[in-house]
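Please read the structure below before turning to the comments.
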Amino acid sequence: MSEPSSSSTPSDFDQFYTATAKRLVAAVYAATGDLAEAEDAVQEAYARAWQRWDRLTAEGDPTPWVRTVALRLAVSSWRRARNRMRAHFRHGPPPDLPDLAPDRVALIHALRGLKPEQRTAVVLHHLLDLPIEQVARETGVSSGAVRTRLSRARKALGSHLADADAGAVANAPAPHPPAPHPPTCRPKGVPSHG
């Protein structure tokens, strides 16, 4: 993102944002009926305004430009959602996807339990097969730090997955005991023929 030149200051933009953001979110929310969508559209509009801040302030009040962009973004998003719904009704729901295997569910759950930097290292190295040096470059740490993160992550994953396996075994239905064989006894006094 390019920053405005020195003719306008970041504090000018900050003041503009503080003075106008709540009202703009309220307006876009009223237009869309979706607060999260309104917040996203307004945030994107302010980000775009920041990129053009000098030009917008040179032309006068930037509020109408930001409002127009925010409303267009929200309407565009609403149209995409509406078109997805129309396609859904026209073509039916997408085919059912097969359920994830229990071991994959356990792995995903275990990965979520890791610290973010450990999870990133595991995903980059083990799932994407990147060498440790490349993981280090992409994460901005030393190769030694990546090795440490991987080591700690593997230990945590091993512990978590072992616990998950133990829980699965404990929750599995108990096997039925074998059916007893009927006793092979003969009544007393009856000679056996043999």
Side-chain angles (χ1 to χ4, degrees), residues 1-100 104-105 107-128 130 134-142 145-146 149 153 156 160:
M1 223 188 267
S2 62
E3 294 187 6
S5 70
S6 59
S7 64
S8 63
T9 64
S11 65
D12 293 341
F13 182 83
D14 291 345
Q15 289 171 356
F16 170 72
Y17 180 86
T18 303
T20 59
K22 285 183 182 180
R23 188 169 184 185
L24 185 53
V25 168
V28 176
Y29 174 59
T32 63
D34 184 342
L35 181 59
E37 191 63 47
E39 290 171 337
D40 288 346
V42 168
Q43 191 66 34
E44 177 63 23
Y46 279 108
R48 291 181 185 186
W50 172 252
Q51 293 173 328
R52 300 164 178 80
W53 189 243
D54 283 337
R55 187 171 51 87
L56 291 175
T57 54
E59 294 173 0
D61 182 13
T63 305
W65 186 92
V66 175
R67 185 176 42 253
T68 301
V69 170
L71 286 168
R72 284 181 181 167
L73 289 167
V75 168
S76 176
S77 176
W78 178 79
R79 284 182 181 147
R80 282 192 305 272
R82 183 190 64 193
N83 290 340
R84 281 192 299 271
M85 288 301 294
R86 284 182 178 168
H88 175 75
F89 288 123
R90 189 177 312 125
H91 303 292
D96 288 336
L97 297 175
D99 290 335
L100 290 176
R104 287 202 175 235
V105 172
L107 177 61
I108 291 169
H109 183 68
L111 283 169
R112 287 181 182 156
L114 295 177
K115 293 179 181 177
E117 63 273 2
Q118 291 175 344
R119 183 172 49 243
T120 300
V122 167
V123 168
L124 292 174
H125 183 65
H126 291 294
L127 298 180
L128 297 179
L130 298 180
Q134 187 172 353
V135 174
R137 279 192 306 275
E138 290 189 18
T139 57
V141 297
S142 68
V146 171
R149 289 175 181 177
H160 187 79

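For clarity, every value in this text was computed on a predicted model and none was experimentally measured. Hydrogens, waters and symmetry mates play no part in the numbers below; they use all other heavy atoms, side chains included.
The shortest side-chain heavy-atom distance between V28 and R67 does not fall under the 4.5 Å cut-off. With a 4.5 Å cut-off on side-chain heavy atoms, V25 and L35 count as touching. For the pair T139 and V146, the minimum side-chain heavy-atom distance is below 4.5 Å.
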side-chain hydrogen bond (donor to acceptor under 3.5 Å, both in side chains), that's the test. Do Q43 and E39 meet it? Break it down for me. CA-CA 6 Å; Q43 191 66 34; E39 290 171 337; over 6 Å; no
Begin with the C-alpha distance, continue with both residues' side-chain angles, and end with the deciding distance and a verdict on side chain to side chain contact (heavy atoms under 4.5 Å, CB included) for E138 and T120. CA-CA 10 Å; E138 290 189 18; T120 300; over 6 Å; no
Step by step, would you call Y46 with L24 a side chain to side chain contact (heavy atoms under 4.5 Å, CB included)? CA-CA 10 Å; Y46 279 108; L24 185 53; 3.9 Å; yes
T57 and F16: side chain to side chain contact (heavy atoms under 4.5 Å, CB included), yes or no, with the steps? CA-CA 10 Å; T57 54; F16 170 72; over 6 Å; no
Pair L114-L111, side chain to side chain contact (heavy atoms under 4.5 Å, CB included): steps then yes or no: CA-CA 5 Å; L114 295 177; L111 283 169; 3.9 Å; yes
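Using the six-membered ring where Trp is involved, H160 and H109 have ring planes that are tilted, between 30° and 60° apart.
We find the CD-OG distance between E37 and S76 to be 9.0 Å, quoted to the nearest 0.5 Å. Once rounded to the nearest 0.5 Å, the distance linking CD of Q118 with CZ of R149 reads 8.5 Å. Taking CZ from R23 and OG1 from T20, the interatomic distance works out to 10.0 Å, rounded to the nearest 0.5 Å.
Every residue two or more places apart in sequence or in another chain that forms a side chain to side chain contact (heavy atoms under 4.5 Å, CB included) with R55 is listed here: R52, E59. Every residue two or more places apart in sequence or in another chain was checked for a ring pair (Phe, Tyr, Trp, His ring centres under 6.0 Å) with H126, and none qualifies. Taking E44 as the reference, R48 meet the salt bridge (Lys or Arg N to Asp or Glu O under 4.0 Å) condition, with sequence neighbours excluded.
The heavy-atom pair separating A41 from L73 by the smallest distance is O-CD1, 3.6 Å. Contact between L56 and P62 at its shortest, heavy atoms only, is CB-CB, 3.9 Å. Summarising the geometry of W65 relative to A45, their closest heavy-atom pair is CZ3-O, 3.9 Å, with the distance given to 0.1 Å.
Between W50 and Y17, a ring centre-to-centre spacing not shorter than 6.0 Å is recorded.
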